Asks: 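Got a structure here, written out as structure tokens. Questions coming.
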Protein chains: 2
Amino acid sequence: MVQAKLAPRPRAEDQTRWRILAVAAECFAGHGYAATSIRDIAREVGITVGAIYVHFPSKDRLLVAVYEEGVRRIGEAVDGAIAGIAEPWARLAAGMRAHLEALLANAGFARVIVRVIPTDVPEAARDLRRLRDGYEARFEAMIEALDLAPDTDRTVLRLMLLGALNHTQTWYKRGAGRADAAGLARQFVATLRHGVARTGSSK
Amino acid sequence: MVQAKLAPRPRAEDQTRWRILAVAAECFAGHGYAATSIRDIAREVGITVGAIYVHFPSKDRLLVAVYEEGVRRIGEAVDGAIAGIAEPWARLAAGMRAHLEALLANAGFARVIVRVIPTDVPEAARDLRRLRDGYEARFEAMIEALDLAPDTDRTVLRLMLLGALNHTQTWYKRGAGRADAAGLARQFVATLRHGVARTGSSK
DNA sequence: GTCTATAATGAACGAACGTTCACTCATCTC
DNA sequence: GAGATGAGTGAACGTTCGTTCATTATAGAC
């Protein structure tokens with residue numbers, strides 16, 4: 001059928017859509033894509049499986065929608081954190097801190113980006129890759145602005161940095177006496193910048 | 001199709017068991033635990049599903065067996081690489097290089113340890129956690145021996161290091177013009193040791 | 001008061017899942 | 001040869017998977 005020429009928006013009742021997205025984000029981030037079933041999500045939301053297909057055409061499109069929202073949220077968090085900071089190292093530190101805070105705040109939308117690898121879902125791999133790259137480009141730019149030793153491979157540095165950041169999800173336990181997101185970001189950036197060797201040790 | 005029936009088999013070989021383990025390692029490392037079915041493994045090995053249950057009582061015990069072999073292999077690789085090296089930083093560099101080489105050589109046994117998170121499989125989480133910790137203790141010891149700046153949190157350093165190492169599996173493409181495992185390990189350890197900031201920049 | 005469009009249900013579809021089991025077959029022991 | 005052993009088969013088990021669909025409920029538009 002042809003789309004209604006004048007589609008009135010009587011009730012912005014896509015509240016259900018948002019609840020599905022939020023629950024799906026938690027499930028995908030918590031147990032992975034393959035281990036999460038449509039029925040798991042429906043049960044958690046409190047609707048039937050059919051209702052999910054009213055809002056999303058398939059499981060992998062639902063994942064892409066979750067990914068999009070996750071990238072949007074963490075991207076905005078990082079953008080907001082680095083806005084107005086000019087000094088390159090301070091910018092990077094602020095960006096890393098915002099990334100860590102989003103990840104460790106246990107928000108499914110952020111964690112799903114780290115947890116679900118694009119190649120896990122072949123039907124959606126292209127979209128997931130594009131979304132990930134779009135987000136990570138921020139760190140590429142932040143690293144580009146740094147004044148580095150001449151022989152530094154910036155690509156390796158970026159991947160090393162993201163690896164350290166995203167690995168936190170595997171081991172970090174909130175309130176476990178460890179440093180918080182801000183403290184972690186501070187130590188990460190200090191390490192990358194100056195190293196951890198005792199000053200004066202042989203080069 | 002069928003093996004030579006007349007060929008004498010003097011010893012009941014557990015060759016099949018090893019083939020199952022190897023194929024399972026590749027599958028679990030490539031697509032994850034939940035996305036790999038017993039039938040996938042059986043098809044790849046060239047046997048029936050029932051034959052797998054002759055050698056392993058369940059899917060999660062098969063995973064544990066793969067994990068054990070993976071930890072044994074990468075552990076021996078690291079032990080061999082650092083044997084005879086006394087200087088702490090050189091030891092760490094050698095260990096990181098061996099870890100990376102095992103990971104990037106595309107060996108399923110090594111990759112599965114990084115890919116499959118213990119909490120993914122509740123029935124086996126305890127065993128997987130124990131095996132992982134046993135392996136990672138090597139890096140804990142190597143880091144303990146380093147002469148570091150007084151305010152350095154060694155735990156955070158270890159997790160940062162492992163994050164950088166294991167994240168390579170996500171992005172590294174063999175022969176893609178990028179540095180090889182040895183080159184990556186060299187840059188990783190140089191970064192951790194002295195940082196990447198241009199010498200003389202403000203502290 | 002109809003008409004239309006959409007949200008949601010509940011049951012069903014075929015396929016795939018992990019697991020079990022009676023059975024065949026080759027080998028080894030006596 | 002008789003019996004035991006253990007690897008491997010092939011079919012089936014009950015369950016869960018992603019997805020579909022006819023139907024009902026609701027609410028603005030005419």
Side-chain angles (χ1 to χ4, degrees), chain A residues 1-24 27-28 30-66 116 120-125, chain B residues 1-24 27-28 30-66 116 120-125:
Chain A
M1 284 304 172
V2 183
Q3 183 77 357
K5 32 265 170 219
L6 253 179
R9 282 291 151 184
R11 313 226 291 119
E13 199 67 50
D14 36 21
Q15 189 178 354
T16 301
R17 187 175 191 276
W18 278 106
R19 281 163 59 213
I20 295 172
L21 273 177
V23 168
C27 291
F28 289 151
H31 314 105
Y33 178 77
T36 299
S37 74
I38 294 286
R39 283 171 178 82
D40 289 338
I41 299 169
R43 189 183 316 114
E44 196 72 25
V45 176
I47 56 177
T48 61
V49 284
I52 290 187
Y53 284 88
V54 171
H55 299 275
F56 302 96
S58 66
K59 188 187 177 187
D60 62 273
R61 288 299 104 184
L62 170 56
L63 172 66
V64 171
V66 169
V116 179
D120 283 0
V121 193
E123 318 87 59
Chain B
M1 160 189 170
V2 181
Q3 297 176 354
K5 299 173 180 177
L6 300 181
R9 298 286 173 200
R11 290 190 49 78
E13 320 192 20
D14 38 16
Q15 190 178 354
T16 301
R17 187 175 192 275
W18 278 105
R19 283 163 58 214
I20 295 172
L21 273 178
V23 168
C27 290
F28 289 152
H31 315 105
Y33 177 77
T36 298
S37 74
I38 294 285
R39 284 170 177 84
D40 289 339
I41 298 169
R43 189 184 315 116
E44 195 71 25
V45 175
I47 56 178
T48 61
V49 285
I52 291 187
Y53 284 88
V54 171
H55 299 276
F56 302 95
S58 65
K59 188 186 176 186
D60 62 274
R61 287 299 105 185
L62 170 56
L63 173 66
V64 171
V66 169
V116 179
D120 283 0
V121 193
E123 317 88 58

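Throughout, a chain's letter reflects where its sequence line sits, starting with A, and its residues are numbered from 1. The structure displayed is predicted, hence computed values, not measured ones.
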Asks: Do you know which two heavy atoms are closest between B:Ala124 and B:Val64, and how far apart they sit?
Replies: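 Reported closest heavy-atom pair: CB-CG2, 3.6 Å.
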Asks: In whole angstrom, what separates B:Lys59's NZ from C:dA16's C1'?
Replies: 12 Å
Asks: With a 4.0 Å cutoff (strictly under), does any side-chain N or O of A:Thr48 reach OP1 or OP2 of C:dG10?
Replies: no
Asks: Given C:dG18, D:dT19, D:dG8, identify the nucleotide with an atom nearest to the side chain of B:Thr16.
Replies: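 Closest nucleotide to the B:Thr16 side chain: D:dG8.
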Asks: CZ of A:Phe56 versus P of D:dT20: gap in Å, rounded?
Replies: 16 Å
Asks: How many angstroms lie between OG1 in A:Thr48 and CZ in A:Arg43, if you round to the nearest 0.5 Å?
Replies: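 Interatomic distance, A:Thr48 OG1 to A:Arg43 CZ, rounded to 0.5 Å: 12.5 Å.
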Asks: To the nearest angstrom, how far is A:Ile41 atom CD1 from D:dT16 atom C1'?
Replies: 15 Å
Asks: Nearest to the side chain of A:Tyr53 - C:dT19, C:dA8, D:dT19?
Replies: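 Within the option list, the nearest is D:dT19.
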Asks: So is A:Lys59 actually on top of A:Tyr53's ring, under 6.0 Å and inside 45° of the axis?
Replies: no
Asks: Does the A:Arg61 side chain pair with the main chain of A:Phe56, one donor and one acceptor, at a distance under 3.5 Å?
Replies: no
Asks: Start at the 5' end of DNA chain D and walk down; is the nucleotide closest to B:Ile52 or to B:Arg39 reached first?
Replies: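 In this pair, the answer is B:Ile52.
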Asks: For the residue pair A:Ala51 and A:Ile47, what are the closest heavy atoms and their distance?
Replies: CB-CD1, 3.8 Å
Asks: Whole angstroms only, please: what is the CG-P distance between B:Leu62 and C:dC17?
Replies: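 In whole Å, C:dC17 P and B:Leu62 CG are 15 Å from each other.
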Asks: With respect to the phosphate group of C:dA8, does any side-chain polar atom (N or O) of A:His55 fall under 4.0 Å of OP1 or OP2?
Replies: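 Yes, within the criterion.
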Asks: Walk me through whether B:Val23 and B:Cys27 qualify under side chain to side chain contact (heavy atoms under 4.5 Å, CB included).
Replies: CA-CA 6 Å; B:Val23 168; B:Cys27 290; 4.1 Å; yes
Asks: Does the side chain of B:Ser58 get closer than 4.0 angstrom to OP1 or OP2 of C:dG18 through an N or O atom?
Replies: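 No, no such contact exists.
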Asks: Please report, rounded to the nearest Å, how far the P atom of C:dT9 is from the CZ atom of A:Arg43.
Replies: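 Computing the A:Arg43:CZ to C:dT9:P distance gives 14 Å.
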Asks: Let me test you: for the helix from C:dC3-D:dG28 to C:dC30-D:dG1, what is the angle between the axes at its two ends (five pairs each), rounded to 10 degrees?
Replies: 0°
Asks: Search all heavy atoms of A:Leu63 against all heavy atoms of A:Tyr33 and return the closest pair with its distance.
Replies: CD2-CD1, 3.6 Å
Asks: Using whole Å, what does the distance between atom P of nucleotide C:dA15 and atom CG of B:Asp40 come to?
Replies: 17 Å
Asks: Would you kindly compare A:Val54 and B:Ala35 by the position of their nearest DNA chain C nucleotide and give the one closer to the 5′ end?
Replies: A:Val54
Asks: In whole Å, I'd like the distance from the CZ atom of A:Arg61 to the P atom of D:dT19.
Replies: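 Computing the A:Arg61:CZ to D:dT19:P distance gives 11 Å.
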Asks: Nearest to the A:Val49 side chain among C:dG18, C:dA11, D:dG18, which nucleotide is it?
Replies: C:dA11
